[in-house]
Amino acid sequence: MTTSTAPLKASDFESDQEVRWCPGCGDYAILKAVQRTLADVGATKESTVFVSGIGCSSRFPYYISTYGFHTIHGRAPAVATGLKLARPDLDVWLVTGDGDGLSIGGNHMLHILRRNVDIQLMLFNNEIYGLTKGQYSPTSRVGTRSPSTPLGSLDSPLSPTLFALGAGARFVARTVDTQQAHLVSVLKRAHAHRGTSFVEIFQNCVVYNDGVFDEFTDKSVAPDRQLLAEHGKPLVFGKEKTQGLRLKPAALELEVVTIGENGVTESDILVHNETNRTLASLLGSLHPPAFPQVLGVLYCDPAPTYEDVVFAQMKSATGGPKDLAALMHSGRTWTVAG
Amino acid sequence: MTTSTAPLKASDFESDQEVRWCPGCGDYAILKAVQRTLADVGATKESTVFVSGIGCSSRFPYYISTYGFHTIHGRAPAVATGLKLARPDLDVWLVTGDGDGLSIGGNHMLHILRRNVDIQLMLFNNEIYGLTKGQYSPTSRVGTRSPSTPLGSLDSPLSPTLFALGAGARFVARTVDTQQAHLVSVLKRAHAHRGTSFVEIFQNCVVYNDGVFDEFTDKSVAPDRQLLAEHGKPLVFGKEKTQGLRLKPAALELEVVTIGENGVTESDILVHNETNRTLASLLGSLHPPAFPQVLGVLYCDPAPTYEDVVFAQMKSATGGPKDLAALMHSGRTWTVAG
Amino acid sequence: MTATSPTHPARIPRDAVVIRFAGDSGDGMQITGSEFAVETALAGNDLATFPDFPAEIRAPQGTTFGVSAFQIHFGNSEVMTAGDELDALIAMNPAALKTNLKDLQRGGVLVCDIATFNPRNLTKAGYTTNPLDDPSLSDYRVLKLDVTKMNAEAVKPFGLGAKEALRSRNMWTLGLMLWMYGRDRSHTIEWLERKFTKKPDIAKANVAALNAGHAFGETTELSAPSYSVAPASAAPGTYRTVTGTDSLVWGLVAGAKAAKLDRVVMASYPITPSSPVLHSLAGLKQFGIVTFQAEDEISAMCAAIGAAFGGALAITSSSGPGIALKTEAIGLAVMTELPVIVINNQRGGPSTGLPTKTEQSDLYQAIYGRNGDTPLPVISTATPSDCFEVAMEAVRIATKYMTPVMLLTDGYLANASEPWLIPDVTQLPSFPVKFRTDPVGFHPSLRDPVTLGRVWALPGTAGLEHRIGGIEKDYDTGHISYDPDNHQKMTDVRAAKIDGIANDIPLQTVAVGEDTGTMAVVGWGSTYGPIHQAVRAVRAEGKKVSHIHIRYLKPFPRNLGDLLKRFDRVLVPEMNNGQLVTVLRSEYLIPAEKLAKVTGKPFKISELVTAIRTRLEK
Amino acid sequence: MTATSPTHPARIPRDAVVIRFAGDSGDGMQITGSEFAVETALAGNDLATFPDFPAEIRAPQGTTFGVSAFQIHFGNSEVMTAGDELDALIAMNPAALKTNLKDLQRGGVLVCDIATFNPRNLTKAGYTTNPLDDPSLSDYRVLKLDVTKMNAEAVKPFGLGAKEALRSRNMWTLGLMLWMYGRDRSHTIEWLERKFTKKPDIAKANVAALNAGHAFGETTELSAPSYSVAPASAAPGTYRTVTGTDSLVWGLVAGAKAAKLDRVVMASYPITPSSPVLHSLAGLKQFGIVTFQAEDEISAMCAAIGAAFGGALAITSSSGPGIALKTEAIGLAVMTELPVIVINNQRGGPSTGLPTKTEQSDLYQAIYGRNGDTPLPVISTATPSDCFEVAMEAVRIATKYMTPVMLLTDGYLANASEPWLIPDVTQLPSFPVKFRTDPVGFHPSLRDPVTLGRVWALPGTAGLEHRIGGIEKDYDTGHISYDPDNHQKMTDVRAAKIDGIANDIPLQTVAVGEDTGTMAVVGWGSTYGPIHQAVRAVRAEGKKVSHIHIRYLKPFPRNLGDLLKRFDRVLVPEMNNGQLVTVLRSEYLIPAEKLAKVTGKPFKISELVTAIRTRLEK
Ligand SMILES: Cc1ncc(C[n+]2csc(CCOP(=O)(O)OP(=O)(O)O)c2C)c(N)n1
Ligand SMILES: Cc1ncc(C[n+]2csc(CCOP(=O)(O)OP(=O)(O)O)c2C)c(N)n1
Ligand code: SF4
Ligand code: SF4
Ligand SMILES: [Mg+2]
Ligand SMILES: [Mg+2]
């Protein structure tokens, strides 16, 4: 048993279950990063709970030595909300996929975000339905050929970031399965944030959608195609960090500029302000090749958590009958003498 | 019977059913406006269909003399999508409420918007569950006292506009039940737009949420609290249209300025560009008293409709066996002689 | 009691009386009826009431579909239904007359406010001629009173606006009816004064109206006599009137107390007629109750499951269509063996059906309505006060057997009310839950050897870290298992656990009559009252008929089969197209006969009496 | 047919043979098995096949849970199951041996590729010692072959990479087995050449591997004999092999054609094992079929309803948990009386259960699983080829009676395959739908006097404008109605419409045996094969046992009750905990006995034979 006195190592968060993802699946890397994060933030096994839906990604809880609940397809946010309303003391992580969280589970995702329940929500986005053998998902790009779309998919994809911002999320971040350091740092930010921390993780499905993120994750192009946003720092990217984003005057649009070229200086570069929703959604809508893929904490603007206000209101609810007897005797009664 | 030769009058779109909303309900005004719109756009009864979910608002189809389908709670977008996939020739209107469309129906709303099925979607937002006698809804403001929140609601409300934009809507507009002229003009724009035209209508529930929009709909304050946005026109408001919105330099925020005061001129006022998503979400997030409530077409940026691409792909799908016999004989067969 | 003035003919004694107040939604008929009920209860009568709201939120004034009514049945002995035929009908406008007259018995008293019988209202109600002027009402004792005018005079001193004055019409009528049945009115006056403390004029006006109506009866020669109904004999103790909603909610609170669970999480999504359960619990935060209005029923069920995993008493409530949406998640609760109370306030189906009408057509759904072999206990409520005990039973079974429990009640019980002897909380049952804390030998799949209930181990407990989910789990370790034999074993244990509950519930008793005879009339749910009275009636004719009412529908009490087989015939009246009857036939292979009524209305005693008689003659 | 070389012992004739190819997910066992099946079919044998995929998408190499197998049962007369015990097992690695050996009969042929039996693979498979070296396999005829090495040599000339070379191992094995059972291999060669037209080297290498395996058998003195299985007598005509998915999909296409509906809208949400139906239809756009992958099952069902309202043939498909989510909307389809085909590809429950295993535990859900009194027709498929006819029947009933139809099939049938005599399309039934066009006397509530089916009036038709919905509607006008008697009438007509279908379906026939006897073994769905064979076996012992297989589960055929009553006992084997048996007992009050198997696997003939025997002895 765990007495959880000594701080735990990442390996302490490995469960006794054999991991059953396909060899090479991006989920392995995420699992490692989460175990690392748990150790780094000093989590305990007993007070940590992983809740998931259904999908390859949602197998996640079985591989972590904390408490876990592998629920049903799309419903993890609802289960997690109920859990937090019973037990605000628990540290709850939610694992979902692009199908689980944005297709069947879109409504619960929407509402947990607006309610701002205090959990870490990891969306493993592989732009495909892995577990059911490769149908396209709500994040699949137009033209995706899959068993259910032999001639290519037609629905225009959702942007998890824009969706989350539109739903009223107070913390929105993006990172990549294979970029351990960045992944861990983002997960730590998510854990530190009180409220629903929405983290989209670009995850490679080697079997059904291999390489779909290569355009910005491939080592060869990453530096030029990724912008790692940091609050208060200029939004620059490129090997020499000589490229940056500038706000087009009065146009509410961003453009890529090169420092040192036609008069552009550091000072022209937009500085990241993670508390600005508008900036976050502008950054979230940029895509390679024309723009870099912006990663990191795009938006963080804390607000009261749902459970905090719920229990504060309960505390303040001092009116009315105090016990069962008083309750049942409230209002009109009459007595028949014995 | 209708031979639909002569153009129809608004009154021709009245059904034989007794209207059963509460006296004074905002729904009456919307009904009138829709009948007017149908007449003005030259709609025919036989090719027009109203699909709704469940709620006071969703009673709508019974009162219109076209085809109608009063479905189940929250599912109207799914029913409408199926209808359009069977019958792209039909002109489909969808009627939903803030509970029907954003609570139980949030997921279908999300997906019809991203797929861009060609319908007019009217969300009657009264910030309350009318039909079930007044519980708070996902658009109710924090602190709303209702049967299910006797001490006030705690969930932070959704903004239908921001949600729709986050979902990838290509047409987002807002108007008010009692402002017939504006309502009709917006509905005509919605009808003219190909794709899902999302129209949020602020609707007064006289019984359970009376006057909730007075802060900007009340005659006395309307001119100073409403900004009627028009594409290509400066974003001005106020009785003398002397107030306007200006973009805070490099801050990605809007501010209210008065023309003629401390050096502000017409030219400083932001001009509405309904094709700019960022501007639309900035306008959508302004609220009285600090800002005006922006009404009109906030966003309109057409994209191919779902049914157009679906049937285009079907047309192009010329491969494979042409008839049932060929289909059944495709692949390996062998013959046993008689 | 007000003494009847000497000049006045003596009151005619009655054993039981049924009266109905009917008027426009705006006329305050619900309040009028409730107040009459209170005075009646305080007068010591047994009683049952039933409100009949219009389907529309607020239909246009004067329309037939805007009529709101409140019925009360009271008497000097056990009263079990809101009554069949009316002894008296109060019709505040033509529409009320139009829609309610059919229920008034010949010779019954009919009170009409003639002021409202103007051409406009008459047409709205669909009358071509004024019924007060033609012979159509000759069968009744009609009191044509200008209530509006008399009331206006009574309240004039308090300078109310015309509208306000009109509003107090119902109090005038109440006063008259209280006089007619010899009820006190002091509690109503008290209540009016409390209600309008901030508006003393309104209070005074309403009291004046009440007194005026009463005085009118007492001083005028009415064409209708006055009555007296002696008190019913009742067990000593403190009483109150309760609706099914009140006692259900209090039963849940009592259940949480008995289980020693100090956190209750109730997750629900509003739906008629189930919303009041959510509303009531939302007002009890001081009891550590969290109410969560979820985005839909699926979320509500799943939130309840999450709360149960966390160790709270988890509750969700809905009605047919909402329960349909919960079924997938209910399967998860069965699979993970977590306790959740699922309350179904049944209404008219299929689909949206008749949302405001009562029905009991969700029994199939409750017993069979899930994918896979997914058994769960199903129990039902019979009367408004019965809901208290049933709610406690639901909590006991759910927590002891670690299973979701389906509690079936209906729209009738939710709104109907009756007097209730308030139980002594110290005498209530206690069944504290034990959470696992010892890590030694722990597996999430551990079971109580007797109940087969799975261990309840809460997140936060060091050393018990484990994972649960909807995939089949190994019997011994609780890990995922695709093993064929294990699936068989788990299927069997899931079934055995639920069947075993039969050993932990009371044997089936007979509500009326012997445990053998020519016919057993078997019911469940809110049909209790009418079946009870109907069986009594035919027994009075010497027929060997008994009433058996089943609370535990899955599993059935151990002795039910033998009991039913001791009757020549079994008749099963249901407010559905024959659902319990199907279950009984397959369970016991007895030729139980269906008696279906699917009109959205409760059985009338007379309907049942006739049905039983004719079957017996066959 | 390849002649066996003179030096070789003559082939041993066999009536029927069961063999299984087992290996790692990456070893191509499905292709190997399918090709063997094709050659066998072309050799004129009757056959049945069943693939057994691992639950994991792609489990780590060499693990027991990563084993993929393909079983084929073929013979010289009617073959109806994939077979119980194996005559031959091909184990491409230790894990395959470990997980499949238990099914190999004593004395059976076991082919192992010794190259894979290295320490690493042995440990992964959970072997402590190498089974090839110890006596554990002494009961079998073991062929320890270094397939890897021999194959590598065979493909060397084509300069493949080590990986590529290894990949063709399965063709070597296939060649050997084709030789062992005297099958041709020309079609496989043809197919390989077509498949790899773009990679001629790969094609050549695979053909070489195939030939090498074959030659090895033909030229070597094997410790195992070779066999011959004579062709089965089959009706003349053109044949093919079909899986249940193939014939179900084609049956839907045929149904649309028969109904003269040229727009088909299939709305579905992926779920195992139902997705293949969506995938197949997605490939048939040229037939005017729109497939819509909805955001969830609720949306899929609702989109189907919308499409039906628009006049398309509306189809949705799912499995247990997804069907649970559809139930509320199915109620809407019942209430609005619109035709929708609801396909349930059943899998192991409850909840997520055993997604990749087969079961038939959703019968309760299909018949009873809705709120309200909400009847709908339920039909089921018995064999892979039967799916074609059943699908057409579903379309006929749905469109003729204007009702959703629940079509129950299962994960076994979806993947199992058998030869099928391709029907002559000109001989297929035709049941064109008639859309209402005449406005005179039109009401949306009009019914066909015989079928009671509601009128199908499409938006776009001038003069038929109307509104439908989930609230109860007036019998005559179709407008909303809260009238009590109307609700009774509508409830009755909804029930009568479905019950009436009994007059429009074939009478229940007896699959094997007389229409009277000591025992009727009654089944439904994919248990057809094993029950059929088991009943034959016990009949061979002279027992008066018959096999009755029910396709129409709601309503039952008119004569079913009388038929069953002509047997002393009724035994109901089901791959669930006893669901049909419950329905039969309540419907006919017969003491039908339950025979439940809930392991995620089909019945074995032997299990059934034993069960029948023991019951008969009781
Ligand atoms: C109610 C229900 N519908 C459908 C399914 C089938 N299903 C399981 S996972 C899944 C989608 C998985 O996609 P995603 O969420 O992206 O997870 P991934 O496998 O890609 O990690 C589907 C459709 C199910 N298990 N339950
Ligand atoms: C499945 C289901 N759940 C719940 C309900 C109850 N219900 C009907 S309408 C409604 C909410 C209506 O609110 P809204 O959509 O805002 O419409 P409004 O009445 O305000 O116009 C609810 C909860 C239902 N009919 N069906
Ligand atoms: S299918 Fe894709 S997502 Fe699923 S485990 Fe395999 S690689 Fe990972
Ligand atoms: S309840 Fe409110 S929304 Fe509903 S009809 Fe009445 S006023 Fe309108
Ligand atoms: Mg995915
Ligand atoms: Mg509303």
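Just so it is clear: chains get the letters A, B, ... in the order the sequence lines come, proteins before strands, and each one is counted from 1.
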>> Between C:L428, C:V265, C:T461, who has the most heavy-atom pairs with chain A when the cutoff is under 4.5 Å?
In response: C:T461
>> Salt bridge or not between A:R114 and C:E295? Use side-chain N to carboxylate O under 4.0 Å.
In response: no
> Which region of C:L261, side chain (C-beta onward) or backbone (N, CA, C, O), has a non-hydrogen atom less than 4.5 Å from a non-hydrogen atom of chain A, or is it both or neither?
Replying inline: neither
> Non-hydrogen atoms of chain C under 4.5 Å away: do they reach the side chain of A:P321, the backbone, both or neither?
Replying inline: both
> Between C:G237, C:S299, C:A234, C:G469, which shows the greatest number of heavy-atom pairs under 4.5 Å with chain A?
Replying inline: C:G237
> chain C: which of A:V49, A:L90, A:V310 shares the most heavy-atom pairs with it under 4.5 Å?
Replying inline: A:L90
>> Is A:F50 in contact with chain C via its backbone, its side chain, both, or neither, using a 4.5 Å heavy-atom distance?
In response: neither
> What is the distance from atom CG of A:L327 to atom CZ of C:F287, rounded to the nearest 0.5 Å?
Replying inline: 4.5 Å
> Side chain, backbone, both or neither: which part of A:A325 has a heavy atom under 4.5 Å from chain C?
Replying inline: both
> So which of A:L85, A:L110, A:D89 has the biggest tally of heavy-atom pairs under 4.5 Å with chain C?
Replying inline: A:L85
>> Under 4.5 Å from any heavy atom of chain A, what part of C:A329 do you find: side chain, backbone, both or neither?
In response: both
> What option among C:A267, C:G44, C:A307, C:A312 has the most heavy-atom pairs under 4.5 Å with chain A?
Replying inline: C:A307
> Side chain, backbone, both or neither: which part of A:S330 has an atom under 4.5 Å from a heavy atom of chain C?
Replying inline: both
>> Are C:I471 and A:R59 packed together at the side-chain level, in the sense that at least one heavy-atom pair is separated by less than 4.5 angstrom?
In response: yes
> Side chain, backbone, both or neither: which part of A:D91 has a heavy atom under 4.5 Å from chain C?
Replying inline: neither
> Contact part of C:V290 toward chain A, heavy-atom cut-off under 4.5 Å: side chain, backbone, both or neither?
Replying inline: both
>> Shorter than 4.5 Å, heavy atoms on both sides: which option in A:P77, A:A80, A:G68, A:A86 has the most such pairs with chain C?
In response: A:G68
> Which bit of A:I64 comes within less than 4.5 Å of chain C, counting heavy atoms only: side chain, backbone, both or neither?
Replying inline: backbone
> So, the side chain of A:Y67 versus the backbone of C:L458: is there a donor-acceptor pair under 3.5 Å, distance only?
Replying inline: yes
> Of the backbone (N, CA, C, O) and the side chain (C-beta and beyond), which part of A:K315 lies under 4.5 Å from a heavy atom of chain C, both, or neither?
Replying inline: neither
> Non-hydrogen atoms of chain A under 4.5 Å away: do they reach the side chain of C:P231, the backbone, both or neither?
Replying inline: neither
> Short question: side chain of A:E46, backbone of C:P459 - any donor-acceptor pair under 3.5 Å?
Replying inline: no
>> Counting only non-hydrogen atoms closer than 4.5 Å, does C:T426 touch chain A with its backbone (N, CA, C, O), its side chain (CB onward), both, or neither?
In response: neither
> Crowded around C:E39 CD? As in, over 12 foreign heavy atoms under 6.0 Å?
Replying inline: yes
> Under the criterion side-chain contact (heavy atoms from CB on, under 4.5 Å), which of A:T81, A:T71, A:V79 is the partner of C:C302?
Replying inline: A:V79
> Pick from C:A314, C:P444, C:A303: which one has the most heavy-atom pairs with chain A under 4.5 Å?
Replying inline: C:A303
> Given the rule in the side chain to side chain contact (heavy atoms under 4.5 Å, CB included) test, do A:H329 and C:I422 qualify, once you have shown the distances and angles that lead to the verdict?
Replying inline: CA-CA 7 Å; A:H329 286 79; C:I422 303 171; 3.4 Å; yes
> Side chain of C:R240, backbone of A:M328: donor and acceptor closer than 3.5 Å?
Replying inline: yes
> Closest heavy-atom contact between C:K285 and A:M314?
Replying inline: O-CG, 3.6 Å
> What part of C:W420 lies closer than 4.5 angstrom to a heavy atom of chain A: side chain, backbone, both or neither?
Replying inline: side chain
> With a 4.5 angstrom heavy-atom cut-off, which part of A:S15 approaches chain C: side chain, backbone, both or neither?
Replying inline: side chain
> Is the shortest heavy-atom distance from the side chain of C:E328 to the side chain of A:R75 under 4.5 Å?
Replying inline: yes
> Is A:V51 close to C:F309 at the side-chain level, that is, under 4.5 Å between some pair of heavy atoms?
Replying inline: no
>> For A:K133, is the NZ atom crowded, meaning more than 12 foreign heavy atoms sit under 6.0 Å from it?
In response: yes
>> Return the CZ to CZ distance between C:F292 and A:R115, rounded to the nearest 0.5 Å.
In response: 3.5 Å
> Which word best sums up how the rings of A:W334 and C:Y239 line up, parallel for under 30°, tilted for 30 to 60°, or perpendicular for over 60°?
Replying inline: parallel
> Checking C:L313 against chain A: side chain, backbone, both or neither under 4.5 Å from a heavy atom?
Replying inline: neither
> Do A:H70 and C:I468 have side chains that get closer than 4.5 Å, going by heavy atoms?
Replying inline: no
> Is the count of non-hydrogen atoms from other residues, nucleotides or ligands lying under 6.0 Å from C:K257 atom NZ greater than 12?
Replying inline: no
>> Is A:L324 in contact with chain C via its backbone, its side chain, both, or neither, using a 4.5 Å heavy-atom distance?
In response: both
> Would A:R332 and C:E35 pass as an ion pair if we require N to O under 4.0 Å?
Replying inline: yes
> Which bit of C:D296 comes within less than 4.5 Å of chain A, counting heavy atoms only: side chain, backbone, both or neither?
Replying inline: side chain
> Do the non-hydrogen side-chain atoms of A:H108 and C:I298 ever get within less than 4.5 Å of each other?
Replying inline: yes
> Of the backbone (N, CA, C, O) and the side chain (C-beta and beyond), which part of C:F442 lies under 4.5 Å from a heavy atom of chain A, both, or neither?
Replying inline: neither
> Looking at CZ of A:F69 and NE2 of C:H466, how far apart are the two atoms once the value is rounded to the nearest 0.5 Å?
Replying inline: 9.0 Å
> Counting N and O atoms only, with roles assigned by atom type, does the side chain of C:R467 sit under 3.5 Å from a partner on the main chain of A:T66, one being a donor and the other an acceptor?
Replying inline: yes
